[in-house]
Amino acid sequence: MPVHDHLAVRERGGVRPQPIFSDHGRVLRNDHVAGEYWHMELEVPNGMADAAPGQFYQMMCESRATSGPMPFLRRPMSIYHFDRQRRRLEFLYKITGLGTTALAQYRCGDLLGLVGPLGVGFRLQELWKHILIVARGVGLATLAPLAEAAHQHGIRSTVILSARSPDLLLSKDRFLKNGAAVSVIVDTDRSSDVENVERLIRGFHAAYPFDAFFTCGSNRLLKLLKTLSRELNVSGQVAIEQQMACGLGMCFCCVRPIERGGRIEQLRVCHDGPVFALEEVNSW
Amino acid sequence: MPVHDHLAVRERGGVRPQPIFSDHGRVLRNDHVAGEYWHMELEVPNGMADAAPGQFYQMMCESRATSGPMPFLRRPMSIYHFDRQRRRLEFLYKITGLGTTALAQYRCGDLLGLVGPLGVGFRLQELWKHILIVARGVGLATLAPLAEAAHQHGIRSTVILSARSPDLLLSKDRFLKNGAAVSVIVDTDRSSDVENVERLIRGFHAAYPFDAFFTCGSNRLLKLLKTLSRELNVSGQVAIEQQMACGLGMCFCCVRPIERGGRIEQLRVCHDGPVFALEEVNSW
Amino acid sequence: MVNMAVKIGSLTLQNPIMPGSGCCSDEIDRVYDVTQLGAFVPKSIEIVPREGNPVPRVAETPQGLLNSIGLPTYGLPYFLQHQLPVYLRFGIPIVVSVSAGTAEEFASICRQVSLPGVAGIEINISCPNKEEGGRAFAMGADSTLRVVKAIREATSKPIWAKLTPNTGDIAEVAVAAEAGGADALVVANTFLGMAIDTETFRPKLGNITGGLSGPAIKPIVVRMVYQCAQAVRIPIIASGGIMNAADVVEYMAAGASAAQVGTANFLDPAVMPKILSDLRKFCQDRGFGNVTELIGRTLRLEPATTLVA
Amino acid sequence: MVNMAVKIGSLTLQNPIMPGSGCCSDEIDRVYDVTQLGAFVPKSIEIVPREGNPVPRVAETPQGLLNSIGLPTYGLPYFLQHQLPVYLRFGIPIVVSVSAGTAEEFASICRQVSLPGVAGIEINISCPNKEEGGRAFAMGADSTLRVVKAIREATSKPIWAKLTPNTGDIAEVAVAAEAGGADALVVANTFLGMAIDTETFRPKLGNITGGLSGPAIKPIVVRMVYQCAQAVRIPIIASGGIMNAADVVEYMAAGASAAQVGTANFLDPAVMPKILSDLRKFCQDRGFGNVTELIGRTLRLEPATTLVA
Ligand SMILES: Cc1cc2nc3c(=O)[nH]c(=O)nc-3n(C[C@H](O)[C@H](O)[C@H](O)COP(=O)(O)OP(=O)(O)OC[C@H]3O[C@@H](n4cnc5c(N)ncnc54)[C@H](O)[C@@H]3O)c2cc1C
Ligand SMILES: Cc1cc2nc3c(=O)[nH]c(=O)nc-3n(C[C@H](O)[C@H](O)[C@H](O)COP(=O)(O)OP(=O)(O)OC[C@H]3O[C@@H](n4cnc5c(N)ncnc54)[C@H](O)[C@@H]3O)c2cc1C
Ligand SMILES: Cc1cc2nc3c(=O)[nH]c(=O)nc-3n(C[C@H](O)[C@H](O)[C@H](O)COP(=O)(O)O)c2cc1C
Ligand SMILES: Cc1cc2nc3c(=O)[nH]c(=O)nc-3n(C[C@H](O)[C@H](O)[C@H](O)COP(=O)(O)O)c2cc1C
Ligand code: FES
Ligand code: FES
């Protein structure tokens, strides 16, 4: 039984589906955080911030360049934080190409086109006591609101944050604020090696068993969690990415092979995901 | 015999042609003046401001709008003021569409793509003592540097400035600074009626005969000056406009029918103009 | 008040705005009330299910989108059982888009979708991804005539023939479709295109080539609509790069009676209601009592008195 | 050091960059030293002078340019006496572009421009403005074969056949041009297009329709180059929306041996030297000793091992 009833409304029949907004947010801040990472906060129209952890928005990244190439499609970004009452949305993003470069040029007060909330988010169950969150890189952004929701529902989170180097360990404080026990692992001292992560997880699980695993941002970690999930009989969820055009299930460009009901289907990440069960997703 | 030898270099054979620059200027200011009129000052690379009155630049007007229509071509703009030593260029422009709207969004410090100087400017002759300058609207921008050049060469300018209303009488001070005698005529009190302008010109000419007429910005005034030029036997020059793509004579999109040597030729405004002899141009 | 209704053959639409096939699904109902649209065209279906093409399935180009979705479809039975009822519940005219590999298959699928409630059938005889090297029925007048004739015999529903722009003579093909019995033309589908990643030298699409849509293609398609409108008497529905009401006006002036919005839905899923209200306002501001006054306006112009301005 | 030279048939160019016909004149020498270009193609000429089309002659479109310049030309005698000598003084290969209304006229003008110093002749059998409704020789394989054959018999200079993209089967036309004796193909000229002013409902071009160029068309032309490169053995020169070195790399990877830059010259007259130096740097950074290593790279790729990423 899902905790968030705004997830339940996604189910068809009877219940009204969650509305999708296409509007603009006003940039409140857009700051460089560390490395290629930026943090944006927006004030959005009423109702638009009524989202769930793991859902995402499609951003119109406009750039001033008649001469050079321009982003044509919107760019999908997970919610890093949402606040329905104060109509706030936050995003944590990494500059990787055309669209995110344009995004970093927005200044306070600018209007940014947003479509959302989109997709199926994470599901928490009321009987759960303890979850594991393993995030790497920008996957942190996706998992931060999950820790917050767990905290609100009295579910304890143990969080493993992985990054290339310590300065890229974003938002550790956010997880701590939500009462999570946070372990930090980095490539620079090799603490992020899969063997070490496995050791950590097994240790935590032995001390205080997990009810579910959650991950995002690393194929290696996905693989590890899939194995442990099977072995330890702990269910899990993963948020995955795929290039998108429409973002709401209309164009079929964002498919991934998903194992469901014994066969592999090409499911739409934007519509059937971005969150899938661990056992449904193959690492690649 | 032309006064400006940078005009002479345009002539082919022997003399090196005037170089054309394609580079960026840095916006020093971009201010609203009155009505739809804006004023931009730029610092440009060495040599780029080595222009002549009546010449123009092609501006890349980039706008931030992935979603809406965007200016694709550059926009031609007459030089309003140039200063070779200080590498300054000034433009006075009117917002009329896509490109000029984008232009008005540039802020101090921004880089603006410029190609120029382009075209054949006004020609002054050393023996001249007194010229008439009749400008309307944005034609003022084109003629302002002519008054300056005349002043530098000891030629007296009498200037008639025409506008819809007094608040749109741009740059009167600039003409005064260059020792010009300035008459102001506006639509609001009907002083800009052709009959009145004709009366004015005949009066000035009777008192102190003109050696040449110059005009830009109004078809009605062009017509009047053509007539007076023929009747009073005073030569004249007019700067005309036409939509441009390349701006340097390569694409043949900017042609106008020009009467030359007894027949009408489709000449390129960017290359053979924008300044033509009064008798060559038909009013339209 | 502007009367926004247009007639497409025997069918009257409450307004000329509808989605292009493959660019909208019932999900759009979560963004706005779809009942305000003139009609609804779902994604093309085929008889037998297929998975579609390998990813990446889209690539951005300057003001354009390349796609090689490849017509993934759950197949006709699934469509009839699970999808069509959802669309029919919208209460606006549903024009079912069908695709097939042969004329007989086309006739067969058209026969099967000729169900009560279905307002018309759009025959996608143009999809550039389907046949080898992008060859499609609508690339030639002869093959167009043949397939439309076969379909005409199979159904009494209105037939909208969706033409391909990948041909040297769209007007000839349009005439063939009309002769074959089409009730309207959709001009046009996507242009066969390609993009290469200059870092890897690999095609940006998993399927190597794909269809180009979006604002980039609009000037070519406007010309095609203008040519077809002069060649046939059946109504034309424009499709190609429509982003806003001005684009619809441009196409209608060139001779179109209605407009399909495709790629624009991906950039803004709320774009169609916006186009609709802007189009109404455009007519209002100019004192047009009927949106149909726009149709063919440019065709009916006398030559400009003086073109040298 | 990267060797930038490419061979186009019997002709060796110091590098693959040259202007598209009609997009550069000798005026460009006032912007930079033209001798650094691989070749120079002046605007197409005809035997008899003509004035060209009514203005407006250009219109902007999303990332594209419509033009209906209409081949204004001072005629062959003027060209030979006044313009050709100026170009020949550049000291780089001059490829004279010619246009004509019939095969005989084509043969005749080609014979007359086969002068010492002229490196080759580009035959513009594709200009969409020239013949009624935009029909051109290169829209069909038969007419292409006929005209190229006639020209082949009239001159021993290298012949570059400039194809039109306004055809359903560019590869067939390419094969015909090769069979007729062309030494190289230029793929391609502009797409016939149109734009309408929605305030006046008048076409934005004085000539109603015109040719679409610029970045908008690039994905379609890349596909055409890719198809032609698989169909013929003669070298291909790409033309369509090239704005920067990456675009040149894309076309060369698709099978082109050289590249013509058209519309980009209007947006930045200094663009060709910039493309040249960026292209050299691109090769250098990847350890390519010869720019020719780029040619057909995508054609030679094995299919991607896994396309589902
Ligand atoms: C559901 C979802 C949530 C995401 N959340 C975040 C987030 O919170 N923070 C963050 O930094 N990034 C996130 N991403 C990835 C982000 O969308 C890409 O980094 C971004 O689209 C790159 O765009 P670009 O123009 O900068 O890169 P380019 O490489 O220029 O983009 C080219 C094309 O590829 C697509 N693309 C490139 N990388 C990705 C990718 N990893 N996933 C999907 N499409 C991609 C782009 O959208 C565009 O269509 C998320 C992706 C998805 C699907
Ligand atoms: C040599 C020359 C000098 C000029 N000097 C000035 C000046 O100093 N100040 C000033 O305000 N304006 C000047 N103009 C006019 C200016 O170029 C146009 O106002 C401007 O191009 C309009 O662009 P837009 O995108 O705002 O308008 P749009 O109407 O959106 O432009 C659409 C197209 O039409 C062209 N166009 C529109 N109006 C004109 C016009 N009057 N002349 C030429 N092309 C036009 C544009 O360049 C563009 O290609 C000059 C024009 C020329 C030819
Ligand atoms: C992602 C995508 C999928 C499409 N699928 C179909 C389809 O299934 N059947 C069809 O007839 N056209 C299909 N089209 C073509 C569109 O309906 C439309 O004709 C074309 O994209 C041009 O219009 P646009 O520029 O507004 O997108 C598709 C287009 C896109 C972009
Ligand atoms: C204004 C203009 C004039 C042109 N004139 C000619 C011409 O005379 N002969 C010709 O073969 N092609 C002509 N072309 C086509 C170009 O050479 C080129 O093939 C086409 O524009 C596509 O390339 P682009 O996108 O780089 O411009 C012209 C194009 C433009 C834009
Ligand atoms: S992005 Fe369109 S279906 Fe997922
Ligand atoms: S603008 Fe190109 S010739 Fe004048």
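Please read all numbers here as calculations on a predicted model, not as lab measurements. Order of the sequence lines fixes the chain letters, A, B, ..., with proteins taken first and strands second; residue numbering starts at 1 for each chain.
B/Cys251 SG to D/Glu27 CD: the interatomic distance, rounded to the nearest 0.5 Å, is 12.0 Å. Atoms CG and SG, from D/Leu66 and B/Cys253 in turn, are 12.5 Å apart once rounded to the nearest 0.5 Å.
Counting heavy-atom pairs closer than 4.5 Å to chain B, the top-ranked of the candidates D/Pro19, D/Pro215, D/Gly64 is D/Gly64. Comparing D/Cys23, D/Pro269, D/Pro62 by heavy-atom pairs within less than 4.5 Å of chain B, the highest count is held by D/Pro269. Comparing D/Leu65, D/Asp29, D/Asn265 by how many heavy-atom pairs each has under 4.5 Å with chain B, the most go to D/Leu65. In terms of non-hydrogen atom pairs under 4.5 Å with chain D, the most contact-rich of B/Gln58, B/Glu265, B/Arg74 is B/Arg74.
A salt bridge does not link D/Glu51 with B/Arg263: every distance from a Lys NZ or Arg NE/NH1/NH2 to an Asp or Glu carboxylate oxygen is 4.0 Å or more.
Only the backbone of B/Ile264 comes within less than 4.5 Å of a heavy atom of chain D; no side-chain atom from C-beta onward does. Contact annotation for D/Thr61: only backbone heavy atoms (N, CA, C, O) come within less than 4.5 Å of a heavy atom of chain B.
More than 12 heavy atoms of other shown residues, nucleotides or ligands fall within 6.0 angstrom of atom CG in D/Asp33. When the shell of 6.0 Å around CZ of B/Arg220 is examined, it contains more than 12 heavy atoms from other residues, nucleotides or ligands.
Residue B/Phe72 comes nearest to D/Leu267 through the heavy atom pair O-CD2, 3.1 Å, listed as atom of the first residue, atom of the second, then distance. Counting all heavy atoms, side chain and backbone alike, D/Ser25 lies closest to B/Gly249 at OG-O, 4.0 Å. The shortest non-hydrogen separation linking D/Val31 to B/Leu248 is CG2-CD1, 3.8 Å. Nearest heavy atoms, B/Gln243 versus D/Ala59: NE2-CA, 4.5 Å. The two atoms that bring D/Ile28 and B/Met250 nearest to each other are CD1-SD, 3.8 Å, heavy atoms only.
The main-chain N or O of B/Phe252 is found under 3.5 Å from a side-chain atom of D/Arg57 such that the two form a donor-acceptor pair. A donor-acceptor contact shorter than 3.5 Å links the side chain of D/Arg30 to the backbone of B/Gln18. The backbone N or O of B/Leu73 sits less than 3.5 Å from a side-chain atom of D/Glu60, completing a donor-acceptor pair.
Residue pairs meeting the ring pair (Phe, Tyr, Trp, His ring centres under 6.0 Å) criterion with at least one partner in residues 13-38 of chain D, sequence neighbours excluded, are absent. Residues in residues 93-103 of chain B take part in these side-chain hydrogen bond (donor to acceptor under 3.5 Å, both in side chains) pairs, two or more places apart or across chains: B/Asn30-B/Tyr93.
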